[in-house]
Amino acid sequence: MVEVPAAALKIQDFVPLADFFSVGSNDLGQYTWAVDREQGDLGEIEASGRAALLDLCALVAQQKQRPVSVCGEAAADPSMARAFIARGIRRLSMAPALIPALARALRESDIHSV
């Protein structure tokens with residue numbers, strides 16, 4: 001699990017130790033933004049920090065030796081899912097009930113315009 005910024009920044013050090021990487025978007029976001037995600041509405045902080053979260057996920061995806069998935073709330077968010085896909089992440093993990101809506105949103109969107 002890649003859940004802290006240091007793990008994403010040093011992902012190459014972990015390649016020999018792992019068969020795959022799963023980015024925990026909830027925890028990675030919390031530690032990137034240095035906030036408690038249970039604190040309530042993080043709208044402004046979360047919105048401005050999305051770029052940082054996506055950059056960290058892109059670093060993990062850039063290592064090509066191991067498969068990468070993203071799990072957590074961001075994986076089911078259509079705009080974030082498109083951004084993950086545009087950065088090379090092809091596996092998204094979410095509650096089964098959320099898959100049809102996300103699949104529909106992805107089919108109806110232009111991934112390359114993210």
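Everything numeric here is computed off the predicted structure, so don't read it as measured data. Both backbone and side-chain heavy atoms feed into the values below; hydrogens, waters and symmetry mates do not.
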Checking [X] side chain against [Y] main chain: does a donor-acceptor pair fall under 3.5 Å?
X: S69; Y: L92; value: no
X: R91; Y: V70; value: no
X: R82; Y: S109; value: no

Hydrophobic cluster membership, with links at side-chain heavy-atom distances under 4.5 Å among I/L/V/M/F/W/Y: are [X] and [Y] in one?
X: V60; Y: V4; value: no
X: F20; Y: V15; value: no
X: V23; Y: M94; value: yes
X: V68; Y: F14; value: yes

Could you tell me the separation between the [atom1] atom of [X] and the [atom2] atom of [Y], rounded to the nearest 0.5 Å?
X: R50; Y: C57; atom1: CZ; atom2: SG; result: 12.0 Å
X: F21; Y: Q65; atom1: CZ; atom2: CD; result: 8.0 Å
X: L28; Y: W33; atom1: CG; atom2: CH2; result: 8.0 Å

Can you give me the closest heavy-atom contact between [X] and [Y], atom names plus distance?
X: P78; Y: L106; answer: O-CD2, 4.5 Å
X: D19; Y: R66; answer: O-CD, 3.4 Å
X: A75; Y: L102; answer: O-CD2, 3.4 Å
X: P5; Y: T32; answer: CG-OG1, 3.6 Å

Atom NZ of K10: over 12 foreign heavy atoms under 6.0 Å: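 Open.
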For [X], what residues pass the side-chain contact (heavy atoms from CB on, under 4.5 Å) criterion, not counting sequence neighbours?
X: A61; value: I89
X: L59; value: L9, L56, Q62
X: E108; value: R104

Heavy-atom check, side chain of S25 versus side chain of M80, under 4.5 Å: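 No. Closest side-chain heavy atoms not under 4.5 Å.
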Side chain to side chain, L54 and F84, heavy atoms closer than 4.5 Å: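 Yes, close enough: below the 4.5 Å cut-off.
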